[in-house]
Amino acid sequence: ENKFINLQNQKIKIKSEDIKFFEIFSSYTSVISLDFNSFEGFPLIFKKIGIQEEEYKINVNENKIEIFYNNYAGKFYAIISLIQLIHFYKNKLPHCNIEDKPSLKWRGMHLDCARQYYSINEIKRLFNYMALFKLNRFHWHLTDNEAWRIKLDCYPHLADTGAFRGYKNLIPPFYGSGYHKYGGYYAKDDVAELIQYGKKLNIEIMPEIDLPAHSWTLLQVMPELRDQSSNTESKDVGLYSNNTINPSLEETNIFLENIFKELSEIFTFDIIHVGVDERPKDSWESSPKVIEFMKNNKLTSYDEVQDFYMNNIISTLKKNNKRTAAWNEAALPPHNDIGSSGSAGELDKSCLIFAWEHSEVGIESTKRNFETILCPGQKTYFDMAYNNSTKERGICWASTIEVKEIHDWKPMEGIDENNKKYVKGIQGQLWSETITDKEYFDYMINPRLATLSEVAWRSKSFRNWVEFRSSLLNSVRLLT
């Protein structure tokens, strides 16, 4: 028979030095009227021991609640689990021993802030979701064809002009932004505020500057980054014309050196994502300067040019004590023939690969000994519709994604046992072309994000669908 303790009207006694720590959880505790109080209530005691990072243990008996942890992350996640338990059992808490740790180090969520602009407070709200689900990496997509959202001292005009759209602006309206001026950018103070907020929730922020393609806005503001002597037009899969910067130009090399040096100073996390997806095959073909560049560097294909370009960026970021991340076309040929190009197979193995096109891409990336984040569009793209109903929001070029399909996903399936060590985690994505109203945001990510977190913690769900579905229903009350 289960034994329970009574929490005396949802009050828990803590040491006075822990009061500031518990303020972090106010967005959850206020919803369920839970009070971590330093003077009265059932006692909670922290004990630091030699266990793994992010691991924690909880012991509940008739006298006290004990939490065992090694680092901040384990301490934080123990309280998240405790809040969830208290929420489920109301004024009671069962005597129990819990031992818990993640199997995947990278448990991420991506947000496209180029197609639509999200305020810092809106991103903080996403962080609150992520922390409740024990997700620990935020992939911040800051630039794309439609906008440049980060204010840099080295090129301040990029954000001043490229972060705003409208009929009287250099950048025209896209994706419902309308006639009037729309948009915004993130200044250094905004980034610092979000980094600090994320660290309290055990979330690290990886910025993405999407290059060399997906750069239409960048090239409207800085056309000198493209070979103006090129006499043909290239278009990407989204029909953006001439949207790729040119790696053979001195102006491009100076630009890359400058932005990645400054980004390395602004962001504290040790990884910067540099895009490299969907580069049009013919983006450099008609450039006399690229042809000369290829002769001088003994390169025989444009894919080799891409690898040369990427390895230079990797070297630049290494000089700034950062690691490079990129989408899978940086390391592999594209999985789908959509007129895009990829790697010639010469990419530096230190690059962290985000395998987005298909599950088979993740398998191939690990075969080539690249550390890999699995994020296939068929399972993790939350801009996809839930199903084929005409009433559903979202698109379906990759798939439709019901919650149960995420629950049933086994990301390690098909990966050779010897290569599983290269899988560093999984990640959800929200591309924002269809988020023309912020009310759509919650509907598209949840409960899919909560379900992805179940898979991310243990690399597969340890509960059957019926059990997990019930837990989802209970958790949704903590998301108000």
Would you indicate whether [X], at its atom [atom1], is surrounded by more than 12 heavy atoms from other residues, nucleotides or ligands within a distance under 6.0 Å?
X	atom1	answer
Glu392	CD	yes
Glu285	CD	yes
Lys105	NZ	no
Lys367	NZ	no
Lys124	NZ	yes
Glu439	CD	no

So how far is it from [X] [atom1] to [Y] [atom2], rounded to the nearest 0.5 Å?
X	Y	atom1	atom2	value
Asn243	His214	CG	NE2	7.0 Å
Ser359	Leu374	OG	CG	7.5 Å
Thr217	Leu170	OG1	CG	8.0 Å
Leu452	Ser461	CG	OG	11.5 Å
Ser287	Arg226	OG	CZ	8.5 Å
Gln378	Ile406	CD	CD1	12.0 Å

[Y] versus [X], side-chain donor and acceptor atoms under 3.5 Å:
X	Y	answer
Tyr77	Asn202	yes
His407	Thr451	no
Trp327	Glu208	yes
Gln427	Gln429	yes

What are the two closest heavy atoms between [X] and [Y], and how far apart are they?
X	Y	result
Ser459	Ser103	N-OG, 3.2 Å
Phe382	Arg448	O-NH2, 2.8 Å
Leu142	Ile150	CD1-CB, 4.3 Å
Glu304	Lys298	OE1-O, 4.3 Å

Would you say the ring centers of [X] and [Y] fall short of 6.0 Å from each other?
X	Y	answer
Tyr182	Phe164	no
Tyr197	Phe138	no
His110	Trp140	no
Phe293	Phe308	yes
Tyr155	Phe255	yes
His139	Phe354	yes

Flag this pair as yes if the NZ/CZ of [X] is under 6.0 angstrom from the six-membered ring centre of [Y] and inside a 45 degree cone about the axis; otherwise no.
X	Y	value
Arg458	Phe462	yes
Lys134	Trp457	yes
Arg149	Tyr186	no
Arg279	Trp284	yes

Got [X] and [Y] here, is their nearest side-chain heavy-atom distance under 4.5 Å?
X	Y	answer
Thr400	Tyr386	no
Thr324	Leu352	no
Asp144	Arg115	yes
Asp307	Asp303	no
Ile123	Cys113	yes
Lys57	Glu55	yes
Asn71	Lys75	no
Asn328	Thr372	no

Between [X] and [Y] (salt bridge meaning N to carboxylate O under 4.0 Å), is one present in this structure?
X	Y	answer
Lys421	Asp416	no
Glu371	Arg323	yes
Arg165	Glu146	no
Glu122	Lys438	yes
Asp442	Arg125	yes
Lys261	Glu257	no
Glu265	Lys188	no

(request) Could you please spell out the steps behind the side chain to side chain contact (heavy atoms under 4.5 Å, CB included) verdict for Glu413 and Lys460? (result) CA-CA 10 Å; Glu413 199 167 60; Lys460 62 180 179 181; over 6 Å; no
(message) If you apply the rule side-chain hydrogen bond (donor to acceptor under 3.5 Å, both in side chains), what do you find for Ser119 with Asn121, and how did you get there?
(response) CA-CA 5 Å; Ser119 70; Asn121 284 336; 5.4 Å; no
(message) For a side chain to side chain contact (heavy atoms under 4.5 Å, CB included) check, start with the C-alpha distance between Asp227 and Ile245, then their side-chain angles and the critical distance, and finish with the verdict.
(response) CA-CA 8 Å; Asp227 184 358; Ile245 65 173; over 6 Å; no
(request) Check each of Trp356, Trp431, Trp148 against His141 using the ring pair (Phe, Tyr, Trp, His ring centres under 6.0 Å) test, and report the only one that passes. (result)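 The single option meeting the ring pair (Phe, Tyr, Trp, His ring centres under 6.0 Å) with His141 is Trp431.
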(message) Please determine whether side chain to side chain contact (heavy atoms under 4.5 Å, CB included) holds for the pair Ile426 and Ile373, giving the CA-CA distance in whole Å, both sets of side-chain angles, and the decisive distance to 0.1 Å.
(response) CA-CA 5 Å; Ile426 68 175; Ile373 306 300; 5.5 Å; no
(request) Identify, with sequence neighbours excluded, every residue that meets ring pair (Phe, Tyr, Trp, His ring centres under 6.0 Å) alongside Phe441. (result)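 So Phe441 forms a ring pair (Phe, Tyr, Trp, His ring centres under 6.0 Å) with Tyr118.
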(request) Show your working on side chain to side chain contact (heavy atoms under 4.5 Å, CB included) between Tyr240 and Asn145 and close with a plain yes or no. (result) CA-CA 8 Å; Tyr240 284 93; Asn145 285 316; 3.3 Å; yes
(message) Could you go through Tyr56 and Phe76, starting from their C-alpha distance and side-chain angles, then the distance that decides it, and tell me whether this counts as ring-ring contact (aromatic ring centres under 6.0 Å, His included)?
(response) CA-CA 9 Å; Tyr56 64 90; Phe76 179 82; over 10 Å; no
(message) Using 30° and 60° as the class boundaries, would you call the ring planes of Tyr129 and Phe133 parallel, tilted or perpendicular?
(response)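 The arrangement is parallel - the two ring planes meet at less than 30°.
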